[in-house]
Amino acid sequence: MTKKAWSIADSATLYNVADWGKGYFSINGAGQLQVAPPNVAGQPNVPLTDVIAGIKDRGMDLPVVLRIENLIDLQVSRLNDSFAAAIESLGYQAPYRGVFPIKVNQQSQVIEEIARFGARYNHGLEAGSKAELMIAMATLTESGSYIICNGYKDAEFIDLGLRARQLGFECFFVVETPAELDLILERAELMQVEPRIGFRAKLSTEVEGHWSEDSGDRSLFGLSANQIVDMIDRLKAVEKLDWLRLLHFHLGSQIPNIRDIRTGVMEAVRYYNQLVNEGAAMGFLDLGGGLAVNYEGGETNYDLSEYCHDVVSSVLEALDEDVAHPILISESGRATVAESSILLFNTLDVTRFEPGPIPDINDEHHELLQKLNDVRLNVEVARAQQSFNDAIYYRDEIRELFRFGQATLRERATAESMALDVMQQVKSLLPQMRRIPKELEALHEDLADIYYANFSVFQSLPDTWAMDQVFPVMPIHRLNEEPDREAILADLTCDCDGKIDLFVGGHKTLPVHALNGGEDYVFGVFMVGAYQETLGDLHNLFGDTNVVSIRIDEDGSFDFVRELQGDTVEDVLSYVEYTPAWLSEHFRRTAERAVRRKLIKPAQRREILEQFRESLRGYTYYEH
Ligand SMILES: *Cc1c(COP(=O)(O)O)cnc(C)c1O
């Protein structure tokens with residue numbers, strides 16, 4: 001029987017490239033994954049292996065976060081253009097203004113690119129803290145772009161925002177708690193600056209999905225109807241109702257169902273109508289974030305243009321007839337940057353669950369081994385389940401004897417190998433079985449290889465660990481060969497959660513290729529541009545990875561626009577309060593004691609100390 005030839009189309013289907021790759025990731029004839037941003041004229045394809053070669057030529061190693069700037073620009077354009085199209089087609093009377101929530105990716109290359117490219121759309125920034133507001137004030141140059149200040153604000157936060165107003169920024173304070181309003185009034189009076197105030201409403205609309213707790217009565221954020229009434233009265237009393245300009249709501253992130261978004265928008269617009277009726281100046285409606293992305297395909301029942309269309313039409317539907325159309329603001333973070341970053345890492349080693357050598361078994365061998373051998377030599381489709389059960393039974397009996405000192409290490413090893421052999425045989429028979437029992441179905445996972453890979457889940461993919469987020473993962477080369485192994489990926493941390501064992505489509509293993517000797521085998525994890533970088537932690541002191549931003553040009557060449565060296569060992573040690581000087585000095589003393597005890601010669605001491613200092617300056621990940 002000859003094997004059907006494997007094609008790159010088979011790989012594309014297997015790894016779901018069409019779904020998450022949106023048509024701009026594809027596989028070339030050489031079996032390499034390539035990217036072709038649609039906003040580059042001629043849409044040239046760039047193989048990721050070429051980019052990695054460029055990274056290595058410049059002296060950097062994997063793991064690396066690869067940022068494709070063109071894809072940031074693409075999403076900023078798509079968001080603005082889609083809203084503009086919906087506004088145009090529905091005859092809405094006011095424009096859209098986007099703001100990027102800095103918390104979603106605070107890296108300066110990202111924020112600067114959004115500010116630079118977004119200027120043509122007056123795309124602004126959302127800040128949830130003083131630090132983020134300072135980023136916004138220093139980065140935005142276009143005075144037409146908005147700055148939205150969310151989060152709890154102290155006097156200093158408010159003063160910074162008032163300074164932004166003085167400098168000509170369209171800066172809004174979104175009031176999260178009643179106490180904040182007094183502080184804003186007080187500081188504004190003191191500084192003689194007119195603030196723009198928004199209220200964050202706590203909607204009763206509840207949404208599905210992971211972040212459903214951001215919505216509803218018990219949500220942590222936002223003002224109740226009573227608090228809003230009370231604050232209107234306070235503004236009225238001081239004759240500052242014309243400072244109230246904006247209504248804000250945020251239902252949560254990654255909202256799967258467009259009907260929830262519609263319901264939320266309608267409820268918010270009712271609030272908006274009422275605020276206008278009460279005499280507030282208003283003019284701005286801020287829809288928050290929540291626009292979802294499809295990591296696997298099919299998580300949402302809407303796309304970007306439906307989102308924009310449904311939001312604008314819901315506003316029109318709920319707005320009172322005599323109320324002027326407010327400027328629409330959205331704070332889409334995830335949808336703006338998720339696609340632009342890729343985590344790339346190499347594979348270090350593999351564990352396979354395959355039998356070791358099995359000796360010829362004769363009647364000199366332990367009786368249990370003889371029985372297990374019988375099972376092993378008689379596996380058939382019709383008795384697959386029974387063979388499996390028997391193999392496990394005899395294997396466990398031998399393990400038990402071993403625990404009591406009544407079986408040797410070699411006997412145990414032989415038993416383990418024979419049991420694995422039975423499991424492998426049963427697994428290979430599964431396709432011939434009419435009905436596969438659950439226990440046998442799980443053999444795919446139980447026998448899957450473990451690919452040890454050069455990254456830390458905790459540092460680079462925290463949502464994988466914290467909330468079982470599934471990111472698209474696949475090898476980025478050899479895609480013209482059939483992947484004939486199944487694997488899970490384990491990271492460098494020695495933590496049982498440091499792994500990827502859930503893949504697109506709910507699969508618990510990933511099809512992979514057998515490693516070719518010393519050749520690098522590189523995986524890409526895609527759509528990691530949102531939330532992953534700064535939520536990451538220093539588990540086992542694996543630090544930030546190298547980060548490279550590229551811009552793809554029309555001729556298919558690419559520029560390394562930014563290169564950031566990842567943390568060195570010295571860097572991560574300083575985060576936990578070790579200074580290189582202290583470490584070197586203490587290590588020097590250890591080495592000197594060894595010289596005195598004649599364990600090493602002085603010349604060796606010098607060599608050892610040099611090596612120690614070099615390691616301090618090295619990468620925290622596995623280096624070649
Ligand atoms: C987190 C957050 C966002 C971003 O949400 P996405 O789902 O990433 O678009 C927007 N606004 C507020 C207030 C947030 O807390």
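Bear in mind the structure is a predicted one, so any value in this text is a computation, not a measurement. When a ligand or atom number is given, it counts from 1 through the structure's own listing order.
Each side-chain hydrogen bond (donor to acceptor under 3.5 Å, both in side chains) pair with one or both residues in residues 273-284, not counting sequence neighbours, appears once here: K236-E278, N273-D320. Counting only residues at least two apart or on different chains, the salt bridge (charged side-chain N to carboxylate O under 4.0 Å, His left out) pairs with a member in residues 219-235 are D182-R234, D230-R234.
The closest approach between Y531 and ligand 1 falls below 4.0 Å for a heavy atom of the residue.
Here is the list of ligand 1 atoms found below 4.0 Å of a heavy atom in R334: 6 (P), 8 (O), 9 (O). Near N150, meaning under 4.0 Å from one of its heavy atoms, ligand 1 places the atoms 13 (C). Every atom of ligand 1 with a heavy atom of G333 under 4.0 Å away is listed here by number and element: 6 (P), 8 (O), 9 (O). When each atom of ligand 1 is checked for a heavy atom of G290 under 4.0 Å away, the hits are 5 (O), 6 (P), 7 (O), 9 (O).
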ring-ring contact (aromatic ring centres under 6.0 Å, His included) between F455 and Y621: does it pass, once the steps are laid out? CA-CA 7 Å; F455 77 113; Y621 293 90; 8.6 Å; no
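Two rings, from F25 and W20, have their centers less than 6.0 Å apart.
Backbone and side-chain nitrogen or oxygen atoms of R200 are examined, and none is located within less than 3.5 angstrom of a nitrogen or oxygen of ligand 1.
Considering only non-hydrogen atoms, atom 7 (O) of ligand 1 lies nearest to S253 out of S253, A530, G289, S332.
R270 forms no cation-pi arrangement with Y272, by the criterion of a distance under 6.0 Å to the ring centre and an angle within 45° of the ring axis.
Looking only at side-chain heavy atoms (C-beta outward), F542 and T493 come within less than 4.5 Å of each other.
Here E331 has heavy atoms under 4.0 Å from ligand 1 in both its backbone and its side chain.
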